[in-house]
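FYI, the numbering just counts along the sequence from 1. Both counts, for ligands and for their atoms, begin at 1 and track the order of listing.
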Amino acid sequence: MEWWKKSVVYQIYPRSFFDTDGDGVGDLRGVTAKLDYLGTLDVDVLWLCPVYQSPNDDNGYDISDYYAIMPEFGSMADFDELLAQAHARGIRIIMDLVVNHTSDEHPWFQAARQSKSSPYRDYYIWRGGKNGAEPNNWGSHFGGSAWKYDELTDEYFLHLFSEKQPDLNWENPALRQEIYRMMHFWLGKGVDGFRMDTINMLSKKPDFPDALGHPGRYSIAEEHFLNGPRLLEYLQEMKREVLSHYDLLTVGEAPGVDPAGAAELTDPERGALNMIFQFDHMRLDTDPTHPKPRWTSVPWSLPELRTILGRWQTELEGRGWNSLYLSNHDVPRMVSRFGHDGEYRVPSAKLLATLLHTLQGTPYIYQGDEIGMTNVQFGQIGDYRDIDALNHYREQVTEQGGDPGETLRQLHVKGRDNARTPMQWTAGTSAGFTTGTPWIGVNPNYPQINVEAALADPESVFWYYRDLIRLRREHPVIVDGHYELLLPDHPTVYAYTRTNADTRLLVLLNFGTDRAALAWPDGFQPGEAELLLGNYPAELDTALNLRPYEARVYLRRLHA
Ligand code: ISL
């Protein structure tokens, strides 16, 4: 079995992880300093969000030099040291690969915009205007048009994200070779793979048709740039030229991909990647008919979550491989979104962790989730840092005169900064994240929720994660077992088995705040199976009656 199927990945957002030089910004030495902590958690792989040189319009997702480290994060020597120290502990490191766009401050773009005859012109996507306006009605993910007019050559360039993130033109073979060369550079240093940013946006429909989308001036034209006509060809080329020469973990961020599409991308022969991040469960609590679905929040239901996750389990089995995640740096904290961040914070954080670690696929832990960090409610827009949040507020409130309170509430529920507040290490000043002024405010709940407290408490969320990670190593059924849903109609309980040749695992998850009385599933009567892990003290009674947010994992040997 490939190592990346057996691994647990821990995602680090370096800016908010740990600051060693007091400038209020996390750094690479901060990651190195916490390797022992990560070793205690026992994760196998670290995914570093972008650490390359960047003007930070979008916190490193706007790269101005792929071969240099962002000075705020340290130097290339710091990076080499981190990689060596991690490897010495048996921890692998994957990098973020952001190649759908660069920063507008990248020398390629600087040269490209100078003249239509620059050899770099065609590294980006330029079009003339239409009737004195943008070439089409495509909207940017961060608001406004996806085209920006550049007076130097009287043309528009495409930016699916901020206007400081011009899209690269993958149609250009010279550009593709530049990217492969850069990938070899990092892989040559010994990095163990890539998380590929917005990878299924690389191929745009060449005629750039108008978006069908919502009425209104601009609309995000997903139907014209997700899973485009040449995507698989590009990725197969990347595999041939780069990926196949190393032993790597590759995971592509791929919104709008269904299981069949994922199977195509991750098929070991025809595909190119090990796995993708799918988005179906991230859209569960949004209103797709709204012009800005991302900022809406509608109640989600367990039956829907179960259907989505079950579909991915079943349809990808034996064809590709799943990645398992409930949060990352772009979405709210999972305990606030899918659990209960009040009274049941600890049991619900453990319940979600159980789900994350017992489905088939590779689990991704987002920093801070292992101590049950929650969303934050900043009181004023000035406390927010995320370009997406700031643009949204500007559009809603400043430009359209909307209600500031309502817009702030949307940021509280859905904003990306929920996930980006500093990692809470101690109950001391700034949660022990920095001795300086943190670049973004610390969540005020840090005196209660922090690593120091978690490590000291044997019942903490942290030690529960560590137990889950170890169980995965001890019981191959967690990696390879076939998934089968039980209790398909239960309103609050998600129950499933995972079965391989000699073992069956039973997972019971009560997503409700009420008790749930169940019949014992076949083969799991008291005495027939072993309770491997649970988030409440074991009950001696013989009835099966799950407490609020209770999670249990049982194991049964199939041949005595
Ligand atoms: O299209 C989406 C959902 O349908 C978006 O969520 C989109 O996939 C997402 O915003 C892409 O995120 C990644 O690329 C961005 C960057 O800001 C994010 O932090 C990164 O994870 C641009 O590089």
* Structure fact -> Heavy-atom proximity to atom 4 (O) of ligand 1 ranks first, among R195, H329, R283, R416, for R283
* To do: Report, in ascending order of atom number, the atoms of ligand 1 lying under 4.0 Å from any heavy atom of P255.
  => 1 (O), 4 (O), 8 (O)
* Asked: Less than 4.0 Å between a side-chain N and a carboxylate O, is that true for R319 and D267?
  -> no
* To do: Distance to 0.1 Å, residue and atom name: give those for the protein heavy atom nearest to atom 19 (O) of ligand 1.
  => D330 OD1, 2.7 Å
* Enumerate the atoms of ligand 1 whose separation from the nearest heavy atom of H141 is less than 4.0 angstrom. => 1 (O)
* Structure fact -> The ring pair (Phe, Tyr, Trp, His ring centres under 6.0 Å) partner of W126 among Y120, Y149, F109 is F109
* Structure fact -> Scanning both residues in full, the closest heavy-atom pair of Y384 with V376 reads OH-O, 4.2 Å
* Given side chain to side chain donor-acceptor pair (under 3.5 Å), test T362 with W321 step by step and report yes or no. => CA-CA 8 Å; T362 300; W321 189 249; 2.8 Å; yes
* For atom 6 (O) of ligand 1, what is the nearest protein heavy atom, given as residue, atom name and distance? -> F279 CE2, 3.7 Å
* **Non-hydrogen atoms of I308 and H281 that approach each other most closely** => CG2-N, 3.9 Å
* For E222 and ligand 1, answer yes if some heavy atom of the residue is under 4.0 Å from a ligand atom, otherwise no. => yes
* To do: With heavy atoms only and a cut-off of under 4.0 Å, state how F142 meets ligand 1: side chain, backbone, both or neither.
  => side chain
* **Residue and atom name of the nearest protein heavy atom (relative to atom 9 (C) of ligand 1), distance in Å to one decimal** => E253 OE2, 3.8 Å
* Structure fact -> the protein heavy atom lying closest to atom 20 (C) of ligand 1 turns out to be D197 OD1, 3.0 Å
* To do: Please confirm whether Y61 and F161 have ring centers closer than 6.0 angstrom.
  => no
* From CA spacing to verdict: side-chain contact (heavy atoms from CB on, under 4.5 Å), D58, K164 -> CA-CA 9 Å; D58 185 22; K164 287 185 65 62; over 6 Å; no
* **Shortest non-hydrogen separation from L175 to W108 and the atoms involved** => CD2-CZ3, 3.8 Å
* Asked: At the 4.0 Å heavy-atom cut-off, does R294 count as touching ligand 1?
  -> no
* Asked: For ligand 1, which atoms, with element, lie under 4.0 Å from some heavy atom of R420?
  -> 19 (O)
* Structure fact -> among protein heavy atoms, the one nearest atom 15 (C) of ligand 1 is F161 CE2, 3.8 Å
* Asked: Any ion pair linking R283 and E222 (charged N to carboxylate O, less than 4.0 Å)?
  -> yes
* Asked: Under 3.5 Å between some N or O of ligand 1 and some N or O of D58?
  -> yes
* Asked: What are the atoms of ligand 1, with element, lying closer than 4.0 Å to any heavy atom of T198?
  -> 11 (C), 13 (C), 14 (O)
* **F277 and W47 aromatic centres sub-6.0 Å** => yes
* To do: Could you tell me whether H101 approaches ligand 1 through its side chain, its backbone, both or neither, with non-hydrogen atoms closer than 4.0 Å?
  => side chain
